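All residue numbers in this chain count up from 1 along the given sequence. Worth saying up front: this structure is predicted, and the values here are computed from it rather than measured.
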Amino acid sequence: LLHLLQHAVPDLPSYWARCKKTALLRAWMAGEPVAAIETAFTVNPFFRVASGDITGLADTTRFHLRAAHRIATVVLPAASEEDGRLEQLLTQLEIGLPADALPLLKLPVPLLRGEYLRLREAKLATADDVLLQTGDQLTALLGKTRANQLAAYLAVDPHKAAVPAS
């Protein structure tokens, strides 16, 4: 990995910047809170890392990864076999969730990143796990508004303990 980070870097500060961006994206995809990432990666008040920098870097990385993958599939057709792993990585970059939290994205109500992370911290690994919680448990985890949204989904058909197939 270090060799790849050093490839075609004109000077040492550019290499450090590349390493910092890589570490920042790893923290984002590991589910670190945005405030913790901002604090950890801000070295002085003049070059402050903000949430827009994090999502902007993740979006740029997704754009370049997708383009590089398309080129690789033309040159090496076997590269298309890795599409599932690429889509998982792109989703992790987009939402900022660890791989084990991605099944929560199948919930019928879209949540904020922090809400997904709270569900993960509560050991709720799938959408089914979340939908089987009581209203009070969901309110404690997600707040009244989100709990009511999930309850409204279940009220349409009370037998929906499972998420519809996508």
Where do [X] and [Y] come nearest, in terms of heavy atoms and distance?
| X | Y | value |
| --- | --- | --- |
| Ala147 | Gly135 | CB-O, 4.2 Å |
| Arg113 | Trp28 | NH2-O, 3.0 Å |
| Arg62 | Leu90 | CD-O, 3.3 Å |
| Leu57 | Thr61 | O-OG1, 2.8 Å |
| Leu124 | Leu104 | O-CD2, 3.4 Å |
| Ala122 | Leu141 | CB-CD2, 3.6 Å |

Is the closest side-chain heavy-atom distance between [X] and [Y] below 4.5 Å?
| X | Y | result |
| --- | --- | --- |
| Tyr153 | Leu107 | no |
| His64 | Thr60 | yes |
| Lys20 | Val49 | yes |
| Leu24 | Asp53 | no |
| Leu117 | Pro98 | yes |

Quick check for you: to the nearest 0.5 Å, what is the distance between [X] atom [atom1] and [Y] atom [atom2]?
| X | Y | atom1 | atom2 | result |
| --- | --- | --- | --- | --- |
| Ile37 | Arg26 | CD1 | CZ | 12.5 Å |
| Gln133 | Thr139 | CD | OG1 | 11.5 Å |
| Leu97 | Gln88 | CG | CD | 11.0 Å |
| Ile54 | Leu93 | CD1 | CG | 12.5 Å |
| Lys144 | Asp136 | NZ | CG | 10.5 Å |
| Leu25 | Gln92 | CG | CD | 11.5 Å |

Ignoring hydrogens and geometry, is there a side-chain-to-backbone donor-acceptor pair from [X] to [Y] under 3.5 Å?
| X | Y | answer |
| --- | --- | --- |
| Tyr116 | Leu111 | yes |
| Thr73 | Arg70 | yes |
| Glu38 | Arg48 | no |

- Message: Quiz question: by atom type and distance under 3.5 Å, do the side chains of Thr145 and Asn148 form a donor-acceptor pair?
- Response: no
- Do we see a donor-acceptor contact under 3.5 Å between the side chains of Gln149 and Arg146? yes
- Message: Run the side chain to side chain contact (heavy atoms under 4.5 Å, CB included) test on Arg66 and Leu86 for me, step by step, so that the C-alpha distance in whole Å, both residues' side-chain angles and the decisive distance to 0.1 Å come before the verdict.
- Response: CA-CA 8 Å; Arg66 193 172 277 125; Leu86 176 71; 5.5 Å; no
